[in-house]
Amino acid sequence: MHLRKAKLMFFYTRYPNSGILKIYFPDVSFNKNNTAQLVKWFSNFREFYYIQMEKYARQAVADGCSSADELTVARDSELYRHLNLHYNRNNQIESPESFRMVVEQTLREFFRAIYNKRDIESSWKKAIYKVIARMDEPLPDFFKSANWMEQLGEV
DNA sequence: GGCCCCCCTG
DNA sequence: CAGGGGGGCC
């Protein structure tokens with residue numbers, strides 16, 4: 001289907017349900033299979049996202065950072081560029097400032113958990129997931145355009 | 001049952 | 001990323 005488009009949507013929503021996904025893929029005739037596949041994609045997107053976030057948070061702790069407030073994520077930082085490369089290869093769109101903030105918040109959440117030794121608990125990431133899930137935003141209307149991707153001139 | 005999430009693999 | 005398993009919630 002539209003993998004590249006789905007990845008760009010991740011900039012705005014990390015936890016889209018099948019209902020809204022169907023709205024933003026008007027040119028797709030959904031069935032059980034491709035619906036599950038699309039939902040699965042976002043699950044995979046999240047896993048990649050959280051793995052990177054945890055890695056950088058642990059690095060910050062190892063580097064001696066003692067406060068989440070000290071952690072910032074700039075658009076030209078290694079972490080942000082890494083994420084952008086994954087979700088927005090070739091810079092098809094300009095990532096929204098809101099995503100940068102979500103990344104920064106996520107990094108801080110992971111940092112606090114690790115710094116406070118909460119990561120020894122069984123499902124310590126669950127709480128973080130809930131926080132991030134609340135930061136989803138409505139998707140821009142241009143995603144509804146069936147030929148929008150083609151207009152970007154990308155394969 | 002259906003839908004969704006996470007976890008772990010390959 | 002896809003597959004498969006486990007568990008939660010209608």
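All values reported here derive from a predicted model rather than from experimental measurement. Chain identifiers are assigned alphabetically (A, B, ...) following the order of the sequence lines, protein sequences preceding nucleic acid strands; residue numbering begins at 1 within each chain.
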Listing, residues 121-135 of chain A side-chain donor-acceptor contacts under 3.5 Å, not counting sequence neighbours, or none:
unit_1	atom_1	unit_2	atom_2	d
A:Trp124	NE1	A:Asp119	O	3.4
A:Lys125	NZ	A:Glu54	OE1	2.9

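- Taking A:Asn44 as the reference, nothing meets the side-chain hydrogen bond (donor to acceptor under 3.5 Å, both in side chains) condition, with sequence neighbours excluded.
- In this structure, A:Asp76 has no side-chain hydrogen bond (donor to acceptor under 3.5 Å, both in side chains) partners at least two apart in sequence or on a different chain.
- Residue pairs meeting the side chain to side chain donor-acceptor pair (under 3.5 Å) criterion with at least one member in residues 99-115 of chain A, sequence neighbours excluded: A:Tyr49-A:Thr106, A:Glu97-A:Arg100, A:Arg100-A:Glu104, A:Glu109-A:Arg112.
- Between the CZ atom of A:Arg14 and the C1' atom of B:dC5 there is a distance of 17 Å, rounded to whole Å.
- In this structure, A:Leu21 places its CG atom 12 Å from C1' of B:dC4, rounding to the nearest Å.
- The nearest whole Å value for the distance from the CG atom in A:Asn34 to the P atom in C:dC1 is 17 Å.
- Of the residues in residues 105-126 of chain A, A:Lys126 come within less than 4.0 Å of DNA chain B through at least one heavy atom, sorted by number.
- Backbone-only engagement by A:Lys7 is indicated by non-hydrogen atom pairs under 4.0 Å involving sugar-phosphate atoms exclusively.
- With rounding to whole Å, A:Phe30 atom CZ is found 19 Å from B:dG2 atom P.
- To the nearest angstrom, P of B:dC3 lies 16 Å from CD1 of A:Ile20.
- Here the nucleotide nearest the side chain of A:Tyr129, chosen from B:dC5, B:dC3, B:dC7, is B:dC7.
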With B for base contact, S for sugar-phosphate-only contact and - for none (protein heavy atoms under 4.0 Å), nucleotides 4-10 of chain C reads B------
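- Counting to the nearest Å, the C1' atom of C:dG3 and the CG atom of A:Asn33 are 13 Å from each other.
- Qualifying side chain to side chain contact (heavy atoms under 4.5 Å, CB included) partners for A:Glu94, counting only residues two or more places apart in sequence or in other chains: A:Arg75.
- With a 6.0 Å cutoff to the six-membered ring centre and a 45° limit on the axis angle, A:Lys5 counts as a cation-pi contact of A:Phe25.
- Judged as a side chain to side chain contact (heavy atoms under 4.5 Å, CB included), and not counting sequence neighbours, the contacts of A:Asn33 are A:Asn31.
- Between A:Lys32 and the phosphate of B:dG2, there is no side-chain N or O to OP1/OP2 separation shorter than 4.0 Å.
- Here A:Asp63 pairs with A:Gln59 under the side chain to side chain contact (heavy atoms under 4.5 Å, CB included) rule; sequence neighbours left out.
- By the 30° and 60° cut-offs, the orientation of the rings of A:Tyr87 relative to A:Phe48 is perpendicular.
- Contacts with DNA chain C (heavy atom under 4.0 Å) in residues 42-51 of chain A: A:Asn44, A:Phe45, listed by number.
- A sub-4.0 Å separation between OP1 or OP2 of C:dA2 and a side-chain N or O of A:Gln37 is present.
- Scanning for ring-ring contact (aromatic ring centres under 6.0 Å, His included) contacts around A:Phe45 gives A:Phe10, A:Phe42, with sequence neighbours left out.
- Close to B:dC6, at under 4.0 Å from its OP1 or OP2, lies a side-chain N or O of A:Tyr15.
- If you measure from atom NZ of A:Lys130 to atom P of B:dC5, you get 14 Å, rounded to the nearest angstrom.
- By the ring-ring contact (aromatic ring centres under 6.0 Å, His included) test, A:Tyr15 is found to be paired with no residue, residues two or more places apart in sequence or in another chain being considered.
- Rounding to whole angstrom units, NZ of residue A:Lys22 and C1' of B:dC3 are separated by 10 Å.
- A side-chain donor-acceptor contact under 3.5 Å links A:Lys7 to the backbone of A:His86.
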